[in-house]
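So that the names make sense, note that chain A is the first sequence line, chain B the second, and so on, each numbered from 1.
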Amino acid sequence: MTDGTAADPPPELAGAEGTALAREMMRRMQRVRLFEEATIALFGAGELPAMVHLSIGQEAAVVGACLATRTSDFMTGNHRSHGHPIAKGARLDALMAELLGKATGVCGGKGGSMHLADFSVGSLGESGIVGSAIPVATGAGLAAQVRGSGQVALCFFGDGAASEGVLHESMNIAGVWDLPVVYFCENNGYAVSLTAQESLSVPDVAMRAAGYGMPGVTVDGQDVLAVFRASRDAVERARSGAGPSLVEAKTYRFHEHAYGLVVPQPYRDQAVVDSWFDTVDPITLFHDRLVASGVLTADELGALRDEVAAEVEDAVAFARRSPYPPPEAAWTDVYAPSAVTA
Amino acid sequence: MTDGTAADPPPELAGAEGTALAREMMRRMQRVRLFEEATIALFGAGELPAMVHLSIGQEAAVVGACLATRTSDFMTGNHRSHGHPIAKGARLDALMAELLGKATGVCGGKGGSMHLADFSVGSLGESGIVGSAIPVATGAGLAAQVRGSGQVALCFFGDGAASEGVLHESMNIAGVWDLPVVYFCENNGYAVSLTAQESLSVPDVAMRAAGYGMPGVTVDGQDVLAVFRASRDAVERARSGAGPSLVEAKTYRFHEHAYGLVVPQPYRDQAVVDSWFDTVDPITLFHDRLVASGVLTADELGALRDEVAAEVEDAVAFARRSPYPPPEAAWTDVYAPSAVTA
Amino acid sequence: MSAPPARNPTRARQLGFLQAINRAQHEEMTRDGSVVLMGQDLRANVFGAAAGALDAFGPARVRDLPLAEAGSVGVAAGAAMAGLRPIVDLTVASFVFGAMDQFVSQLAKARYMFGGQATLPVVVRAALYYQGGTAGHHADRPYPMFMNVPGLKIIVPSTAPDLLGLLKSAIRDDNPVLCFEDANLWGRKGRGPAIPDDVEHLVPLGSAAIRRPGTDVTIVGIGLGSYLALEAAEELAAEGVSAEVIDPRTLVPMDWPTILGSVGRTGRCVVVDPANRTCSAASEIAARVVEDCFGALRGPVARVTTDDTHVPFSPALEKQIYPTQAKVVAAVRRALA
Amino acid sequence: MSAPPARNPTRARQLGFLQAINRAQHEEMTRDGSVVLMGQDLRANVFGAAAGALDAFGPARVRDLPLAEAGSVGVAAGAAMAGLRPIVDLTVASFVFGAMDQFVSQLAKARYMFGGQATLPVVVRAALYYQGGTAGHHADRPYPMFMNVPGLKIIVPSTAPDLLGLLKSAIRDDNPVLCFEDANLWGRKGRGPAIPDDVEHLVPLGSAAIRRPGTDVTIVGIGLGSYLALEAAEELAAEGVSAEVIDPRTLVPMDWPTILGSVGRTGRCVVVDPANRTCSAASEIAARVVEDCFGALRGPVARVTTDDTHVPFSPALEKQIYPTQAKVVAAVRRALA
Ligand SMILES: Cc1ncc(C[n+]2csc(CCOP(=O)(O)OP(=O)(O)O)c2C)c(N)n1
Ligand SMILES: Cc1ncc(C[n+]2csc(CCOP(=O)(O)OP(=O)(O)O)c2C)c(N)n1
Ligand SMILES: [Mg+2]
Ligand SMILES: [Mg+2]
């Protein structure tokens, strides 16, 4: 500490363990950011078969939540699909190959950008049907409870998805059965062009938690530590058998709903959106905080960023050189082999 | 008033208008009760084609809510279907004929016990699919709002239905658009054999109202006046353009889930259930209150009951002597006539 | 919907429909601790197939569900992906519609879309509760809608032994299987080959049964339709017409070799299907027969289905709309003409 | 999904698909104040068919819906029962499944079950968004599932003039009508007869169009399938095969006289249907053809459909599973063999 403005590190980030956590938070946020920036470049170069939904601006929310879980915990999410498995610890190469529709993709090229899944890190799949994976996470929580495995299920959904009936059904079932599920709302203020105000009859999604007998908190989604703390509390509660929770992170979608989607009528002020990169960028905010509190230096953080950049570059190269799936893959995996045959 | 225990009539029941309201409350509760007792007899005699779900014990809830609306207001409900249209003012003869599958039935014999509808009194139909009519009531509220008709929609649902996703979707839409809808939960403590505690993650359904930015109240569903007051407030709010409300009436299902349904394993204490007829019968409670407060005498109330009994008897006779629908009715009403034809 | 008598091993050879379900569930839950049973009113055994389950397997594995069809099926999908083998009793087939997105987008698609990572051993049971005065909201026979969705298997057993053996195979299958149970058969006792007492009585999915051999016409009958086909075949035998009756038992995967082989021999085909006519299982069978057996076909393929109307409440109306023995006989005559 | 150019009356004769929707909605909302439009992202016109609607008709009649498919369709059903004529834009056909109970239990059944008291003038629009790399959750073609549900009408227009005329008829129809729009046709300009400029260009529901007369084989093509049929017909013409191409345009009610009449003349039939094969519209057409035209039939009825698999993301895989001109030509050869 060299001047009076520097703060002590927050308790979570103190000591060697704290530094390791800080590193991992930053590493995963950078992975999301740089992976998606590479995605933009690939999209611009016409290398992506279809549109992509980016989590840029929302990195603190997805990373803070995922780092509160273990690799063996379960997770589901939605069409804005890249950030979740990345934050949960999935390898970037197989994710990138998936975006290019390659055989080495995490889903063998059959899922694509909106439907990433990496079961090896507990990522049970993202849903292109908004809201549709919410009961899936709930069911994973049920399996953990029945098997007594101590696992927890993390369920990502958006402010738009919050209006879907399956959220209600799932939260009620989880509430009644005390399932180990953390419902995590990334409230980025919009469902495509519809504002959260127009789609939700309450200001905060977390206000609905009381209606299911579970705790609900709203946190600053740009503050990875705040998200981590709220998520950790919810995960601990779930793991202890006390039941589900709802965590809402108020966050910002820096880019358009999707790359490849032109929205004819403006629905938000582009000047304001542009200013977010300077004012509420979760990576910049965390970077400055780490430096100010002496947890990591700017040089260390720069080196970390470079490491991730190289990792992303490798992922892109891997994806590019990977082959497309063989034609017959179109018809496999419709069914699993049967146990009982004639 | 002849002795010190008699209370003054409550303001709603004071004066000539109050007496008329009291009469109408009692008349409609008796209509539900005696109609359904006749239904039991018909069921026992093998005259009903299928099982029937009775509202006996829940008369105060359905009548208190319906009398807070106008005939021109809309209403939907569920499989426990008789009480709602009766309370909304439908003719008993066409309802009873419907139960017998007769051509003169309110649905021409095509709906039956679980699916009564009498559009002439705003009854847009009961749903055998639990919860499925909730958005229908919500849509009727939308029509009223768009047309500026000043109508309100009353939406009956049970504690079991409260776990269905369409309730969430509907209440959210109504909340966002300030629709003139009153969501009315008849919480009779059971969904068939499942207790409300086992199916709901909160003690009171009304606790969920806050999550939709609407008022929610829980009332004694055996007290027709309490139900009427809460419903009147909600209806007034809706009619004034202030938006939807949730009213929950805690009530009791005196009979089995359905006549014709044998539940093999007991799930409630029959002695307790039997005691309800003495302790929480809404008709007895109201009767005694009216007499005690001098609104109506026991004789007047007895005469009223006799009137209703005669009406029910006529309805049964009408239903019995009515013809079955002609065979070709099986294939009509699948489609309405088309406006544009080749 | 009254309770069946408690399962009684000594009566296994005359097993009723509901007891067959109970026995299949009981045996498979005993065999495999990851099998769980979720449904409505199981503890109270309202539908009659859950007797004793809660006592035998406890509340962690036997759960009464709140009313939430999408949630129920989706929770089963997630539980399966995370290692359980759920059986979901949705009770009545008219209640499946609220769960359609979970059937299509999760149960049917997850394995494929995630490149084989997901395994979804889920059985969803629902009764075809028609022909009993329950009217339009309880009497659907919606299996053809699901036949249009790849990734799902579908069984419609028509005998108690088949129900036992198919349901056990379904529970062991690593794919989502929908079991549609024709409630008109609840009352019938087992028929067909005697059921072995051991717990390995399995009927593989995708194998049809030839209920009656014949040479002049093939009648394919689904669910109750297989009985109507048999009764019609007997009536026709008196007139010298020899009808072969096939019960597909599984609709997906369909046992095409058995059906097409039979039509190849008889040259005539009638399909009896309780579903609504348009885009029915009967339509699919007729389309496949004309596509693959045209050379052998000597007459039109006739469908005997429920009419394209809703189910009316009034008993005076309802009985007209379904397949009957008389309609099957008339259809065979058309096919032979 | 980019915006179309604003509706331009002088280009009406070369109307694009999205402009046709826009014009139909605009004209009918102008004509009848009870028509309301609800959907996702209408104000921002994300899907390109809602340009100008909010300005023209105001926020009471043009509403952006929260994400709630069952709620949306059910609210439309209730609004219709209470006097409105809602158009619901569900945007992509893969999103219909969440609303299935409302389609089946309310929209389709309410009129019947309430003995004709209810009238349900609701139009639900959804795009068939396949063949564009959107993968399994956006590329469904689910109209066959709805064909199994009586009480619903279904249109699948394939030209802009037809879309205009059918959608206008649908909005005026007192029944629920599902409009499935093949997104592969969004880019194509209008074809067929020139569109009159007046606002009474109506195509009645239930009338097929003979796109090309022929004598040797009838090819029935649905949506994009009608173009594949035409292209195949041209290829075959070079070999001396004369194919008649029929676009049913409406699937319920189907114009059976036109289809069966044609097969009666040609004696051969191929159906091109972008839906999944099993229990497809093609299956229904094949079944009906063999049932009613057997005497005239001189070859198997061949179905050219999407394979019974899910839609893979990888473009290397996706293109293989759909009908193509080559598959249609091959099927015609089979039908002629
Ligand atoms: C059931 C369903 N309806 C509509 C869509 C189209 N759609 C894709 S993303 C989206 C908005 C979702 O908003 P939100 O849940 O807030 O997630 P965000 O995109 O903001 O991350 C919509 C409407 C869909 N994919 N699925
Ligand atoms: C969607 C659906 N699921 C299940 C059923 C079977 N069922 C009929 S009534 C009922 C219980 C409903 O409970 P509640 O909403 O509390 O109404 P109540 O019967 O107590 O009046 C059930 C499960 C149904 N009719 N519809
Ligand atoms: Mg959002
Ligand atoms: Mg109840």
Side-chain angles (χ1 to χ4, degrees), chain B residues 48-51 79 98-103 105 107-115 126-132 158-166 191-196 198-201 257-258 260-268 323-334, chain C residues 1-6 39-48 50-52 54-55 59 63-72 74 91-92 94-99 101-102 129 132-140 306-322:
Chain B
L48 295 186
M51 60 184 178
H79 58 284
E98 186 62 31
L99 264 60
L100 270 66
K102 297 300 183 74
C107 302
K110 287 153 100 163
S113 159
M114 286 191 277
H115 317 108
E126 310 275 315
S127 178
I129 303 293
V130 168
S132 183
D159 50 292
S163 300
E164 290 280 1
V166 281
V192 192
S193 70
L194 198 66
T195 65
E198 290 168 303
S199 75
L200 294 170
S201 52
H257 174 72
L261 179 74
V262 179
V263 179
Q265 297 293 322
Y267 60 96
R268 54 184 201 177
Y324 282 107
E328 59 275 18
W331 300 279
T332 59
D333 298 323
V334 179
Chain C
M1 285 201 274
S2 67
Q40 271 158 27
D41 301 293
L42 296 175
R43 181 184 48 204
N45 192 25
V46 168
F47 274 79
L54 184 61
D55 285 348
R63 294 184 183 233
D64 273 350
L65 281 165
L67 273 158
E69 290 70 29
S72 302
T91 70
V92 174
S94 295
F95 309 157
V96 301
F97 303 115
D101 177 61
Q102 292 298 317
Y129 204 50
T134 55
H137 275 174
H138 280 70
D140 293 276
T306 298
D307 296 337
D308 281 329
T309 185
H310 299 296
V311 174
F313 169 69
S314 185
L317 302 178
E318 188 185 7
K319 58 176 191 279
Q320 313 175 94
I321 68 171
Y322 303 117

Please report the closest heavy-atom contact between [X] and [Y], naming both atoms and the distance.
{"X": "N45(C)", "Y": "P264(B)", "value": "O-CG, 3.0 Å"}
{"X": "P66(C)", "Y": "S199(B)", "value": "CB-O, 3.8 Å"}
{"X": "A135(C)", "Y": "G111(B)", "value": "CB-O, 3.4 Å"}
{"X": "F313(C)", "Y": "P49(B)", "value": "CZ-CG, 3.6 Å"}

Quiz prompt | Spacing of H257(B) atom NE2 and D41(C) atom CG [to the nearest 0.5 Å] | solution = 8.0 Å
Quiz item: Based on non-hydrogen pairs under 4.5 Å, which of H310(C), Q40(C), R43(C), E318(C) is most in contact with chain B?
Solution: R43(C)
Practice problem: Please state whether the side chain, the backbone, both or neither of L65(C) comes within less than 4.5 Å of a heavy atom of chain B. | Solution: backbone
Quiz item: Is the backbone N or O of A330(B) less than 3.5 Å from a side-chain atom of T309(C), with the two atoms forming a donor-acceptor pair by type?
Solution: yes
Against chain C, label [X] side chain, backbone, both or neither, depending on which of its atoms sit under 4.5 Å from a heavy atom there.
{"X": "P266(B)", "value": "neither"}
{"X": "V192(B)", "value": "both"}
{"X": "A161(B)", "value": "backbone"}
{"X": "S127(B)", "value": "both"}

Kindly indicate whether the side chain of [X], heavy atoms from C-beta on, has any atom under 4.5 Å from the side chain of [Y].
{"X": "V334(B)", "Y": "D308(C)", "value": "no"}
{"X": "S94(C)", "Y": "I129(B)", "value": "yes"}
{"X": "H137(C)", "Y": "M114(B)", "value": "no"}
{"X": "W331(B)", "Y": "I321(C)", "value": "yes"}

Practice problem: Name the option with the most non-hydrogen atom pairs under 4.5 Å to chain C; the candidates are A50(B), S193(B), G165(B), A329(B). | Solution: S193(B)
Self-check item: For T134(C), all residues meeting side chain to side chain contact (heavy atoms under 4.5 Å, CB included), sequence neighbours excluded
Solution: Y129(C), H138(C), A139(C)
Practice problem: With sequence neighbours excluded, tell me which residues meet side chain to side chain contact (heavy atoms under 4.5 Å, CB included) with P327(B). | Solution: Q320(C)
